[in-house]
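In the text below, chain A, chain B and the rest are named by the order of the sequence lines, each starting its count at 1.
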Protein chains: 2
Amino acid sequence: MNKLFVIKVGGNIIDDEAKLKVFLTSVASVKSHKIVVHGGGKIATEIGNKLNIESKYINGRRITDDDTIDLVTMVYGGLINKKIVAQLQSLNCNAIGLTGADANIIPAKKRAVKDVDFGWVGDIDNSKVKSENLKALLESNFTPILAPLTHDEQGHILNTNADTIASSIAVALSTYYDVRLIYCFEKKGVLENVEDDNSVINLINKEKYRQLLEEQKLFAGILPKIDNAFAAIDAGVHEVLIGDANDLIQNTTNNTIGTLITQ
Amino acid sequence: MNKLFVIKVGGNIIDDEAKLKVFLTSVASVKSHKIVVHGGGKIATEIGNKLNIESKYINGRRITDDDTIDLVTMVYGGLINKKIVAQLQSLNCNAIGLTGADANIIPAKKRAVKDVDFGWVGDIDNSKVKSENLKALLESNFTPILAPLTHDEQGHILNTNADTIASSIAVALSTYYDVRLIYCFEKKGVLENVEDDNSVINLINKEKYRQLLEEQKLFAGILPKIDNAFAAIDAGVHEVLIGDANDLIQNTTNNTIGTLITQ
């Protein structure tokens, strides 16, 4: 099977012009097939403030009302996505910027209203991801750049977590490719001690994860990434790595750099 | 050769939810390959006003400064483009929304500064259009939806007239397809008498055009469309039609509906 890198990059890199350039240069240097999934960044909130669109959160999760879905469609699907595409093109990487609505790549379900109405938020059923359409793009030697947006197949764009999108497409494409899923992160990897940047845990299997959770050592923000990583591994993704973007992408040694998540 | 429809749609339809739905239903019903090129609409100006981005014009042409290119990238490449894509997907049309930067479809040149600095505006050299990349998308049965944006191959998005984009890709794809270029218009076609909606001129060749220009009968706004149409015809496009979107798309008769531009 051919190798495929699925690379998730978050706001901390997107918001920093110099870091973004280094990251995109790394991405452009990858010889095998690759897909980038990007998050939001502060710019959506900044533009939202100027437009008097209030950012609403419940339990740390953004509520996506009518104005907010238009805002993120503009900023994620337009501004951020096309800036990445234009820069990759200047680096001779044939990027094609998409949302999950484009080529019907990620049909999703609007989240059902229980206690909270999250608004225009989409949940993904991995089995519905149109991996054959992504494959057609990869086989034409395009590099898909995915914004964190899906659609409900009824004409509406939905806001969807970028980590989840990365995991879902990594799983769906495991049928065709030997997939390396990379979660880029502001640290060198998952840290044993959040105060010590050099305490990277090189390997986390389920046993080790249970143990770390019991010891309550991990930074809470990393838990959803690890959960997504295990979900991907269980569903057929070859390897999941968490750590510094450039280290992980450039690594051609057999040594683990960053944190490798495995069964 | 297979048939290809290149359909340009402007702000008057995009700004009107009901008209847009009728138009997209027509597009979705086209059995052959198709590409939609959309313009801007009032929404960019409205959002620009809220963001305190002033619309600047010289001789009726928008000046695209740094703030303005970000604005149109968001609104044209994000909001409008993805709304069209999501709606077409709900009509079972496998739309894929792109700018000219995506898949390097339309590399352009930033307009040289002479008397006026137009800013981030792109001019197209038809011979540089990457028609093979558009063809790859069409052959995967995707329907490209193009925003009026190109790129300079050096990392910058450029603002580019939608009529010109439609004409350029129609020309470039004439190598592979029997192209029908359609300029959708708020009237039934080019009018002999602008006061009379029923005075549609069914056929304009160069001789007729010269005569109409001498008589100064035509509405000034239609002249760039006709010029683009003749440029396309001269460069190999099979037929160019100007008129009502639904009439032109749905027409399966041999009768000319709207205005046919020909040698």
Side-chain angles (χ1 to χ4, degrees), chain A residues 21 24 43 47 50-53 69-105 107 130 132-133 135-137 139-145 147 149-158, chain B residues 21 24 43 47 50-53 69-105 107 130 132-133 135-137 139-145 147 149-158:
Chain A
K21 193 164 183 193
L24 295 177
I43 184 89
I47 294 176
K50 287 191 197 164
L51 292 172
N52 280 321
I53 299 171
I69 193 65
D70 280 356
L71 173 69
V72 298
T73 301
M74 288 197 305
V75 178
Y76 300 166
L79 190 59
I80 297 174
N81 191 269
K82 299 314 170 193
K83 280 199 172 180
I84 292 175
V85 167
Q87 287 192 45
L88 282 173
Q89 286 291 347
S90 76
L91 298 163
N92 288 314
C93 170
N94 203 356
I96 183 166
L98 306 168
T99 67
D102 296 295
N104 196 20
I105 291 170
K130 293 285 183 298
E132 64 276 21
N133 291 349
K135 181 169 177 272
L137 296 170
E139 299 301 323
S140 297
N141 288 317
F142 301 136
T143 293
I145 311 300
L149 300 166
T150 57
H151 75 132
D152 67 358
E153 297 181 278
Q154 288 161 54
H156 302 103
I157 298 288
L158 299 172
Chain B
K21 192 163 183 196
L24 295 177
I43 184 89
I47 293 177
K50 287 192 196 166
L51 292 171
N52 279 321
I53 300 171
I69 192 66
D70 280 356
L71 173 69
V72 297
T73 301
M74 288 199 303
V75 177
Y76 300 167
L79 190 60
I80 296 174
N81 192 269
K82 299 315 169 191
K83 280 199 171 180
I84 291 175
V85 167
Q87 286 193 46
L88 281 173
Q89 286 291 346
S90 77
L91 297 164
N92 289 314
C93 169
N94 203 357
I96 184 167
L98 306 168
T99 68
D102 297 293
N104 196 22
I105 291 170
K130 293 285 182 297
E132 63 277 21
N133 291 348
K135 180 169 178 272
L137 296 170
E139 300 301 323
S140 297
N141 288 316
F142 301 136
T143 293
I145 310 300
L149 301 166
T150 58
H151 76 132
D152 67 358
E153 298 181 279
Q154 289 162 55
H156 301 103
I157 298 287
L158 299 171

Novice: Heavy-atom pairs under 4.5 Å with chain B are the metric here; pick the option from A:Gly78, A:Ala103, A:Pro107 that has the most.
Specialist: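 Winner by heavy-atom pair count: A:Ala103.
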
Novice: Among A:Lys83, A:Gln89, A:Gln87, which has the most heavy-atom pairs under 4.5 Å with chain B?
Specialist: A:Gln89

Novice: Heavy-atom pairs under 4.5 Å with chain B - which of A:Leu71, A:Asn104, A:Val85 has more of them than the others?
Specialist: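 Of the candidates given, the most pairs with chain B belong to A:Asn104.
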
Novice: Counting only non-hydrogen atoms closer than 4.5 Å, does A:His156 touch chain B with its backbone (N, CA, C, O), its side chain (CB onward), both, or neither?
Specialist: backbone

Novice: Side-chain contact, heavy-atom cut-off 4.5 Å: A:Leu51 with A:Met74?
Specialist: yes

Novice: Less than 4.5 Å to any heavy atom of chain B: does that hold for the side chain of A:Asn52, its backbone, both, or neither?
Specialist: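 Neither part.
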
Novice: Given a strict heavy-atom distance threshold of 4.5 Å, which part of A:Ala95 is in contact with chain B: side chain, backbone, both, or neither?
Specialist: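 For A:Ala95, the contact with chain B is made by the backbone alone.
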
Novice: Grab the two heavy atoms, one from B:Tyr76 and one from B:Ala147, that are nearest each other, plus how far apart they are.
Specialist: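 Between these two residues, the closest heavy atoms are O-CB, 3.6 Å.
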
Novice: At a heavy-atom distance under 4.5 Å, which candidate from B:Ile69, B:Leu91, B:Asp70 has the highest pair count against chain A?
Specialist: B:Asp70

Novice: Between A:Asp102 and A:His151, do the side chains contain a donor N or O and an acceptor N or O under 3.5 Å apart?
Specialist: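 On atom types as modelled, these side chains do not qualify, holding no pair under 3.5 Å.
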
Novice: Walk me through it: do B:Val75 and B:Ile80 pass the test side-chain contact (heavy atoms from CB on, under 4.5 Å)?
Specialist: CA-CA 6 Å; B:Val75 177; B:Ile80 296 174; 4.0 Å; yes

Novice: Is a donor on one side and an acceptor on the other found under 3.5 Å between the side chain of A:Thr99 and the backbone of A:Ala101?
Specialist: yes

Novice: Is there a side-chain contact (heavy atoms from CB on, under 4.5 Å) between A:Ile105 and A:Thr150? Walk through the geometry before answering.
Specialist: CA-CA 8 Å; A:Ile105 291 170; A:Thr150 57; over 6 Å; no

Novice: Pair A:Asn141, A:Asn94 - check side-chain contact (heavy atoms from CB on, under 4.5 Å), show working.
Specialist: CA-CA 7 Å; A:Asn141 288 317; A:Asn94 203 356; over 6 Å; no

Novice: For A:Glu153, is it the side chain, the backbone, both, or neither that has a heavy atom closer than 4.5 Å to a heavy atom of chain B?
Specialist: backbone

Novice: Quick one: of A:Gly77, A:Ser140, A:Gly97, who has the most non-hydrogen atom pairs under 4.5 Å with chain B?
Specialist: A:Gly97

Novice: Based on non-hydrogen pairs under 4.5 Å, which of A:Asn133, A:Leu137, A:Thr143 is most in contact with chain B?
Specialist: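 So the answer, after comparing A:Asn133, A:Leu137, A:Thr143, is A:Asn133.
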
Novice: With a 4.5 angstrom heavy-atom cut-off, could you sort out which part of A:Ile47 is near chain B: side chain, backbone, both or neither?
Specialist: both

Novice: Test your reading of the model: is there a side-chain donor-acceptor pair from A:Asn81 to the backbone of A:Ile145, 3.5 Å cut-off?
Specialist: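 Yes, because the side chain of A:Asn81 sits within donor-acceptor range (under 3.5 Å) of the backbone of A:Ile145.
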
